[in-house]
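So the structure is just underneath, and the comments pick up after that.
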There are 2 protein chains.
Amino acid sequence: MSHISGVRQAQKQKTRQALLDAALELLEGQSLSSLGLREVTRAVGIAPTAFYRHFRSVEDLGVALVEEALGSLHPMIRTIVSTTGDGEERIARAVELIAGHVDAHPAHVRFVARERHGGVRVVREAIRGQLELFTAEVGEALGSDPESAGWGEEDLLMLAQLYVDQMLMTASLLLDATGGGAGERERVAGSAARQLRLISVGRAHWLDRAGGDG
Amino acid sequence: MSHISGVRQAQKQKTRQALLDAALELLEGQSLSSLGLREVTRAVGIAPTAFYRHFRSVEDLGVALVEEALGSLHPMIRTIVSTTGDGEERIARAVELIAGHVDAHPAHVRFVARERHGGVRVVREAIRGQLELFTAEVGEALGSDPESAGWGEEDLLMLAQLYVDQMLMTASLLLDATGGGAGERERVAGSAARQLRLISVGRAHWLDRAGGDG
DNA sequence: CATTCCAGAGAACAGTTGTTAACTGCATGG
DNA sequence: CCATGCAGTTAACAACTGTTCTCTGGAATG
């Protein structure tokens with residue numbers, strides 16, 4: 001029961017990480033539901049049976065990938081929502097941060113976008129769970145913003161959901177655009193900024209509506 | 001070279017449709033990239049080799065499924081954008097239409113949501129192409145709406161894209177919610193309506209912004 | 001009626017898959 | 001220093017995959 005330990009556990013972690021990395025790379029051209037256990041171990045250079053020392057199945061590995069991919073996304077969200085400045089600055093900064101994340105972790109972005117609606121149930125649910133946490137966090141941040149005075153809880157959450165979905169959509173579009181020249185990327189980033197702007201305008205006038213439910 | 005013909009071609013179409021139907025059903029629990037040719041023919045009850053009389057590969061069948069799935073979506077979009085009435089009515093009607101489509105063609109909705117970012121390149125591109133057509137169509141409809149007076153072309157297209165993505169997202173969420181009781185469905189539909197409302201508010205005040213680029 | 005066409009069947013192929021069992025060698029803990 | 005734990009190996013399994021070639025029977029054609 002050595003919570004800290006030496007060469008032994010370190011090597012195991014290394015192999016485990018190699019499996020995750022290899023899987024992520026193989027998933028560039030296919031979905032998780034078609035990823036084979038042998039395929040992964042072959043890429044790592046270990047025997048197929050060694051896989052079971054780390055994961056019970058490929059689905060299990062998929063869930064671990066969810067935690068890795070969305071874990072790296074968590075700090076970015078915190079940064080975005082805590083960014084100060086006027087609306088236009090915040091939007092530009094948000095798009096920049098998303099684009100930076102796509103550049104830094106393209107495979108993670110692809111994995112989440114693909115498996116969010118993918119063919120493996122447990123992975124879908126793991127992603128959904130993480131995204132709900134993000135939504136709640138964003139909703140909380142929005143709630144403590146003076147601009148949200150008078151907003152109901154449900155309205156805050158629907159706005160948070162809109163932001164989270166928009167962020168994922170933008171990340172995925174930027175990833176696809178990476179293949180098509182710098183101009184295409186700029187176009188996608190510009191469109192994403194416009195959409196955030198429109199949402200921002202809607203937010204600013206949300207309580208103006210006749211018959212508001214607040 | 002009989003362009004019209006009898007029993008022969010009719011039977012072929014029937015088998016072809018059976019392949020499409022079987023594939024769609026098998027795709028409930030997996031992604032296209034893991035769907036096997038033999039798996040499909042087994043479900044239909046024909047020999048594996050007969051598959052090649054209809055499709056060159058499973059990817060090919062996937063492209064055919066895109067046309068089937070998004071073809072059925074086309075008229076619905078036309079209906080939504082041509083709906084008359086005030087903002088709130090239109091939103092309610094749009095959500096109803098989407099919910100109705102999800103009920104009528106759940107497998108199609110699942111297929112599109114899953115394979116839009118899925119592991120098969122040609123299918124992704126086919127879906128992307130169709131969605132761009134939808135976006136252009138919605139953009140055009142928005143342009144001929146008096147409410148869009150003074151809007152630039154790029155702004156119209158970004159709004160259209162927002163609507164199309166929102167529609168798909170809502171459809172997918174409704175599909176997932178189908179498993180979780182009628183209350184869950186109502187909650188999802190309500191949230192979707194709120195989001196459309198916020199976009200609608202943003203649209204109404206889009207040109208109010210200081211330094212508008214129109 | 002004779003001929004052609006072609007959707008589907010059948011058999012066989014070389015590869016691949018997940019999973020099992022029994023093993024080896026080395027870092028670990030007493 | 002010796003016994004244990006355990007990451008990784010090897011071999012073997014039944015089942016499955018996509019694709020080929022050859023064949024068949026019935027509709028279509030003239």
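Since the model is a prediction, treat every value here as computed from it, not as a measurement. So you know, we letter chains A, B, ... as the sequences are listed, proteins then strands, and number each from 1. Just so it is clear, the values below take in all heavy atoms, side chains as well, and ignore hydrogens, waters and symmetry mates.
Rounding to the nearest 0.5 Å gives a distance of 11.5 Å between NE2 of A:H54 and CD of A:Q17. Here the CD-CG distance, from B:E140 to B:L156, works out to 10.5 Å after rounding to the nearest 0.5 Å.
Considering only the side chain of B:R42, D:dT17 comes nearest among D:dT9, C:dA9, D:dT17. With D:dT9, C:dG10, C:dT16 as the candidates, the nucleotide lying closest to the side chain of B:T49 is C:dG10. Taking the side chain of A:P48 as heavy atoms from C-beta on, and the options D:dG8, D:dT19, C:dT19, the nearest nucleotide is C:dT19.
At the heavy-atom level, B:R56 lies nowhere under 4.0 Å from the strands shown. If you check every strand for non-hydrogen atoms under 4.0 Å, A:Y52 touches a base.
Non-hydrogen atoms lying under 4.0 Å from DNA chain D are contributed by A:K12, A:T15, all within residues 12-34 of chain A.
With hydrogens and angles disregarded, no donor-acceptor distance shorter than 3.5 Å links the side chain of A:R185 to the backbone of A:A177. Side-chain atoms of B:D60 come within 3.5 Å of backbone N or O of B:R56 as a donor-acceptor pair.
Results of the side-chain contact (heavy atoms from CB on, under 4.5 Å) test with A:F51 over A:I46, A:T15, A:L61 single out A:L61 as the only residue that passes.
Ionic pairing of B:E88 and B:R197 is present here: one or more N-O contacts between side-chain nitrogen and carboxylate oxygen are shorter than 4.0 angstrom.
In this structure, A:R38 atom CZ and D:dA15 atom P are separated by 16 Å, rounded to whole Å. A straight line from CD of B:E39 to P of D:dT17 spans 7 Å, rounded to a whole angstrom.
A ring pair (Phe, Tyr, Trp, His ring centres under 6.0 Å) check over residues 106-132 of chain A, counting only residues at least two apart or in different chains, returns the pairs A:H105-A:H108.
Between B:S33 and A:S34, the side chains place a donor N or O and an acceptor N or O closer than 3.5 Å (distance only, hydrogens not considered).
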Are there any protein N/O atoms within less than 3.5 Å of an N/O atom in nucleotides 22-27 of chain C, and if so, which ones and at what distance?
{"unit_1": "C:dG25", "atom_1": "N2", "unit_2": "A:R8", "atom_2": "NH2", "d": "3.4"}

